[in-house]
Amino acid sequence: MTSPLNSFKLILTMLWWGWGLLLLLLLAALSSQSAIFGDKAADAWQWFLPNLTPTLLLVGAAAYAKKVPDQVDLTVMKPLFLIALVVSATYLLLLTISLIGVLFTTDPLAWLSKSNLWLGPLQGLAASALGVFFVK
Amino acid sequence: MITLNNARFRGPGRDLASVERQLKDVLEFAGYVEVGYFCVPNGFALATRLERIKPDKTPYKGDPRWQPDKVPLLDFNRGVALGDLVRALFRADPGRYRMIIFYVTDQPVTPGETPPTDSLRDLPSRGGDELPERLGDRPYSSAYRVRVLVYEFARPSVSAPANFVRNTLPARIHLQRAGLWQRLGQ
């Protein structure tokens, strides 16, 4: 039988990797035509990868490496899981909005650069929440 | 460049003013309500305001047609449908513009080899709003021709300035898609 903790880990991993893959495809579509980033598509990828890959790899590695203990205190783990889930979903949603936002501006790279203002702190928060959940 | 069928503009007692009225009527019917007039040797030139066109060379509808500035691919104020989003993602049009200039003269007109400068885009607003009387009274003799030059500009991306498109479609196709060809009696 799958333990609740395994389900929590699976949900977080699926959320990050599933959504992350969709965002990768979205940026691939946006940067495949010169109409949006011109000849500066590499700059868009330079903005995007640091915003996604560190946390994505953290979740992937933690889910793969961490051995689930036989006895877990669900009263502690469930709130930690919910916090990690909500912060992760909020961060990924803001990342998606930032990416879609390039379609609503005449200076897409400036917009992406500005979006770091809210993505930076939230990414730190998401990484912390995930870190606490997986370490516990 | 294309030379229009001259018979349409010829007739007993015709002068340049009557040709100008004929052109202006056709242009106004197709939505070109703002034009600029310029003197050229032995005649005049009439330039339409820069208009935004679609990739198929038909003009945009409504206000966006006359907005030459940078505009985003999507705009909440204009409404965003799923189709618009898909188009922006895969077949985005960052901006394509056209200016049509009619030359009415008995002198040869040769398009320049070098691309037009940025100032060409402001041409209609810098020109006169009506044909000078001294030109209008001039008889439209058989040596006169009405020639049309079409200039197209395109932005490579939403943040880039529009560049002159050297290999645009033939002027005749532009006139057809602009809704002018038939009305010009061609």
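Quick note on labels: first sequence line is chain A, next is B, and so on, each numbered from 1.
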Hydrophobic clustering (ILVMFWY, side-chain heavy atoms < 4.5 Å, transitive) - are [Y] and [X] grouped together?
| X | Y | result |
| --- | --- | --- |
| Leu149(B) | Val40(B) | yes |
| Leu12(A) | Val87(A) | yes |
| Leu117(A) | Tyr91(A) | yes |
| Val146(B) | Ile173(B) | no |
| Trp16(A) | Val132(A) | yes |

Interchain contact, Ala88(B) with chain A, by part (heavy-atom threshold 4.5 Å):
both
Engaged part of Arg91(B) at the chain A interface, taking heavy atoms whose separation is under 4.5 Å
backbone
Could you tell me which of Asp107(A), Leu30(A), Leu26(A), Ile36(A) has the largest number of non-hydrogen atom pairs under 4.5 Å with chain B?
Ile36(A)
Check whether Thr105(A) gets within reach of chain B through its side chain, its backbone, both or neither, counting any heavy atom under 4.5 Å.
backbone
Crowding at NZ, Lys54(B) (>12 non-hydrogen neighbours, <6.0 Å):
yes
Kindly compute the distance separating CG (Asp93(B)) from CD (Gln33(A)), expressed to the nearest 0.5 Å.
10.0 Å
Can you check whether [X] reaches [Y] side chain to side chain, under 4.5 Å on heavy atoms?
| X | Y | result |
| --- | --- | --- |
| Phe104(A) | Val80(B) | yes |
| Thr106(A) | Ser159(B) | no |
| Leu103(A) | Pro72(B) | no |

